[in-house]
> 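Pasting a structure here, questions to come.
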Amino acid sequence: MSSPPDPPTGHCVPRGPAAALMPGSSWQDASRFSRRDFVRTAAFGLASSSPLGRALAAEQTVPFFDSIPPQRSGIAWTHTAGLSAEMYLPETVGAGCAFFDYDNDGWMDIYLVNSGPCDFYTPAKPLRNALYRNNRDGTFTDVTGKAGVAGSAYGMGAAVGDYNRDGLPDLYLTQYPRSILYRNNGDGTFTDVTERAGLAAPGWATSAVWFDYDNDGRLDLFVCRFADFSKEKNVWCGGHGPNERYYCKPNVFKPTPSWLFHNNGDGTFTDVSRESGIAASLAKSWGVVAADVNNDGRMDLFIGSDTAPNPLFLNQGAGRFADNGFLAGVAYNPFGIARSGMGVDAADYDQDGWIDLFVDNVDHEAYSLYHNNHRGEFDDVALRTPIAAATELMSGWGAKFFDFDNDGDLDLIIANGHPDLVIQRHHPELRYLQPMLLFAQKGGSWKNAGALAGPAFAQPIAGRGLALGDFDNDGAVDVLVSANNGPPLLLKNNACRGTHWLGLQLIGTRSNIDAIGAKVTWKSGDLLRHRSKVGGGSYLSSHDPRMVLGLGPRTQIDWLEVEWPQPGSRQRFAGLPIDRYIAITEDKPGWK
């Protein structure tokens, strides 16, 4: 596996608009403050005379993110939903996207999922997914045909993981009515090995996640199934006017069990959904994230379920899971009603040592920020933040915690868009196309930073999948958003000029090779932070596997510790460089 290259241009340093995230009143919308206030006031407590304050004054007009147009990126592909008068629900809920380095050259490539032939849709002309190779200069080249990853049915999402431990990222494509496992051949091509692997997962598969649930060092696969759906079972929904029809709310569909596949280590998988307890919980599953929510050293699963209770599968060991969603307080809203859970993520956003959860919902439900109370339960604290008010009339899909400005604290980004194309006809207060959201966080306090994020955040879209990845290797994590029946958005991160960072590629040996479940702790002067490497998260999408550790203005790392998923495997490092990517391999001294 080649070691990642140094950043092409300097180091990542947060830009001025971040200063709008001002201290004082607990939950303020940063857009209320003027640029003069931003420069004059400390950003999250940093004095305006600090490097960040000076950077703010110098970079007054630069947005957090720039949208890279197709003529600059070379990404000319567009998603085609196949919208029809019959309004089959899959038409309006896709599709996903991914950042992954398929050719191991140290630069993130891009994968985009499209629709395709199935029982309810025959494209007028052939459609295909798209794999774009990173040219290392901010542009991409379409290599789908050579790679052989065009897809074969109605595409939903993408999940990336090295299931056979050969050092090459493989691609699992969720589809209706049959999914695909593409094995990476290492020569720029992939082979469809679905039948031999036993991973077709017949039905309507949505999100999927690679994770090692039994700590045997091999990546297993969880696949979300949405509902019992086919062309014959499509339901007519309407009633707001003569001959009016709209996309059905999911409560008209029957919930179904999802799949869990155990990696046998020989290129095949065994469906263990029933014996593991996964199949005992029926849901309408959209998004999934794998994380150790109770600190027992085993990876658990949190799923966003639409109009059915959100499962929280706690790993019991010995290959068994128990759905603890109800007892944990994440299955229903406070009134005992199942919300429309869609995209999900997990992270310890307040650095108290326990993983917290996020799930976005449909309009009039608000999104849920679940704080882990350390007793096996979660408290929805969204109402105490700007998140609930900002999302009351929104419908969310892709969502991810990440440190967008490299100050060491995790923030939250969300892609939104209503699933019903004609929603405004019968609900004038709602819109089909909706803007993205960005919430900045410091010490558990959240600020709505969307107004400062750039024009792309003001432009409403039918947002669906969302993937994170540093495509230009400058240490600022960029964003890829897929839009239903439209072109994707590639957002370059400008928010961290003036800060420092370290990028980590973790390679497991006794642990799973992708190091899903690893925990990294680092100290830089007065900054002490930890970050867990979760599996999956967001909606239908897959992310840059590297971790970017933000240092703020600090210029060195005192020490860094990696706690690997394999019990008892821990390494500590000092003298690490900053402002570049390095690779750390389990049980091997040093770094590359």
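Side chains are part of it too, since the values below use all heavy atoms of this structure and drop only hydrogens, waters and symmetry mates.
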> If we only count heavy atoms from C-beta on, is the Lys519 to Lys533 side-chain gap below 4.5 Å?
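When only atoms from C-beta onward are counted, Lys533 and Lys519 do not touch, as no gap falls below 4.5 Å.
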> Where is the tightest heavy-atom contact between Leu438 and Phe457, given as atom of each residue plus distance?
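Shortest heavy-atom contact: CB-CE2, 3.8 Å.
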> Would the Tyr581 and Trp501 ring centres measure less than 6.0 Å apart?
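Aromatic pair counts; centres sit under 6.0 Å.
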> Can you confirm whether the side chains of Asp579 and His500 place a donor and an acceptor under 3.5 Å from each other?
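The answer is yes; a qualifying pair exists.
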> Judged by modelled atom types alone, do Tyr432 and Asp420 share a side-chain donor-acceptor pair under 3.5 Å?
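No, Asp420 and Tyr432 have no side-chain donor paired with an acceptor closer than 3.5 Å.
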> Do you know the tightest heavy-atom contact between Leu506 and Ala515?
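Shortest heavy-atom contact: CB-CB, 3.7 Å.
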> Could you tell me if the side chain of Met342 sits less than 4.5 Å from the side chain of Val362, heavy atoms only?
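In short, these two side chains touch, coming nearer than 4.5 Å.
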> For a quick test of reading the model, state the closest non-hydrogen atom pair linking Leu540 to Ser207 and the distance between them.
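Leu540 and Ser207 have their closest heavy atoms at N-OG, 2.9 Å.
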> Might you work through the side-chain hydrogen bond (donor to acceptor under 3.5 Å, both in side chains) test for Tyr370 and Asn310, ending with a clear yes or no?
CA-CA 12 Å; Tyr370 289 114; Asn310 296 325; 4.8 Å; no
> Check whether any side-chain heavy atom of Asp300 sits under 4.5 Å from a side-chain heavy atom of Asp292, and report yes or no.
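A side-chain contact under 4.5 Å exists here.
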> On a heavy-atom basis, which atom in Gly341 and which in Trp286 lie closest, and how many Å separate them?
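Scanning both residues, the minimum pair turns out to be O-CD1, 3.2 Å.
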> Under 6.0 Å from the ring centre and within 45 degrees of the ring axis: does the NZ or CZ of Arg339 meet both conditions for the six-membered ring of Tyr332?
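Negative - Arg339 is either too far from the ring of Tyr332 or too far off its axis.
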> What I'd like to find out is whether the side chain of Phe573 reaches to under 4.5 Å of the side chain of Ile584, using heavy atoms alone.
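Yes - at least one pair of side-chain heavy atoms lies under 4.5 Å apart.
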> Begin from the C-alpha positions of Tyr246 and His426 and carry the test ring pair (Phe, Tyr, Trp, His ring centres under 6.0 Å) through to its verdict.
CA-CA 10 Å; Tyr246 53 83; His426 41 276; 5.0 Å; yes
> Under 3.5 Å, is there a donor-acceptor pair between the Asp363 and His427 side chains?
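His427 and Asp363 do not have a side-chain donor-acceptor pair below 3.5 Å.
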> Does a donor on one side chain and an acceptor on the other come within less than 3.5 Å for Tyr349 and Asp411?
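Tyr349 vs Asp411: no donor-acceptor pair found between side chains.
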> Compare every heavy atom of Ala467 with every heavy atom of Ala98, then report the nearest pair and how far apart it is.
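Heavy atoms only, the tightest pair is CA-CB, 4.2 Å.
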> Could you tell me whether the side chain of Ile414 reaches within less than 4.5 Å of the side chain of Lys400, counting heavy atoms only?
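Contact flag for Lys400/Ile414 side chains = no.
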> Just wondering, do Leu131 and Tyr102 contact through their side chains at under 4.5 Å, heavy atoms?
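Yes, at least one pair of side-chain atoms sits under 4.5 Å.
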> Hey, are Thr307 and Lys249 close enough side-chain-wise for a donor-acceptor pair under 3.5 Å?
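Their side chains do not contain a donor-acceptor pair, so the 3.5 Å distance test is not met.
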> Between Phe226 and Val93, is a side-chain contact (heavy atoms from CB on, under 4.5 Å) present by the stated rule, with each step listed?
CA-CA 11 Å; Phe226 176 68; Val93 298; over 6 Å; no
> Check the pair Ser340 / Asn361 against side-chain hydrogen bond (donor to acceptor under 3.5 Å, both in side chains), numbers first and verdict last.
CA-CA 5 Å; Ser340 301; Asn361 303 297; over 6 Å; no
> May I ask you to check whether Glu429 and His364 show a side-chain donor-acceptor distance below 3.5 Å?
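Yes, side-chain donor-acceptor contact under 3.5 Å.
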> Any heavy-atom pair between the side chains of Asp514 and Val160 that's under 4.5 Å?
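Not touching, per the 4.5 Å side-chain cut-off.
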> Between Trp397 and Arg464, is there a cation-pi geometry (under 6.0 Å to ring centre, at most 45° from the normal)?
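Because its charged atom sits under 6.0 Å from the ring centre and within 45° of the axis, Arg464 does stack over Trp397.
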> Val289 vs Leu301, test: side-chain contact (heavy atoms from CB on, under 4.5 Å). Steps then yes/no.
CA-CA 6 Å; Val289 63; Leu301 293 164; over 6 Å; no
> Please list, chain by chain and in numerical order, all residues satisfying salt bridge (Lys or Arg N to Asp or Glu O under 4.0 Å) with Asp306, sequence neighbours excluded.
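For Asp306, no residue satisfies salt bridge (Lys or Arg N to Asp or Glu O under 4.0 Å) once neighbours in sequence are set aside.
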> Please check if atom NZ in Lys523 has more than 12 non-hydrogen atoms from other residues, nucleotides or ligands closer than 6.0 Å.
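Buried by this count: over 12 neighbours within 6.0 Å.
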> May I ask you to decide if His79's main-chain N or O and Asn114's side chain share a donor-acceptor pair within less than 3.5 Å?
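Absent.
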> Which pair of non-hydrogen atoms, one from Asn448 and one from Pro386, has the smallest distance, and what is that distance?
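Smallest interatomic distance, heavy atoms only, reads N-CG, 4.0 Å.
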> Please determine whether side-chain contact (heavy atoms from CB on, under 4.5 Å) holds for the pair Asn416 and Leu437, giving the CA-CA distance in whole Å, both sets of side-chain angles, and the decisive distance to 0.1 Å.
CA-CA 8 Å; Asn416 307 284; Leu437 292 170; 3.6 Å; yes
> Begin from the C-alpha positions of Val344 and Phe358 and carry the test side-chain contact (heavy atoms from CB on, under 4.5 Å) through to its verdict.
CA-CA 5 Å; Val344 299; Phe358 175 82; over 6 Å; no
> Side chains of Asn295 and His374: do they bring a donor and an acceptor to under 3.5 Å?
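No, no side-chain donor-acceptor contact under 3.5 Å.
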> Do Tyr132 and Asp109 pass the side-chain hydrogen bond (donor to acceptor under 3.5 Å, both in side chains) test, and can you show the C-alpha distance, the side-chain angles, and the key distance before you say yes or no?
CA-CA 6 Å; Tyr132 280 94; Asp109 309 299; over 6 Å; no
> Is there a side-chain contact between Cys97 and Val481, using heavy atoms and a 4.5 Å cut-off?
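Cys97 vs Val481: side chains apart.
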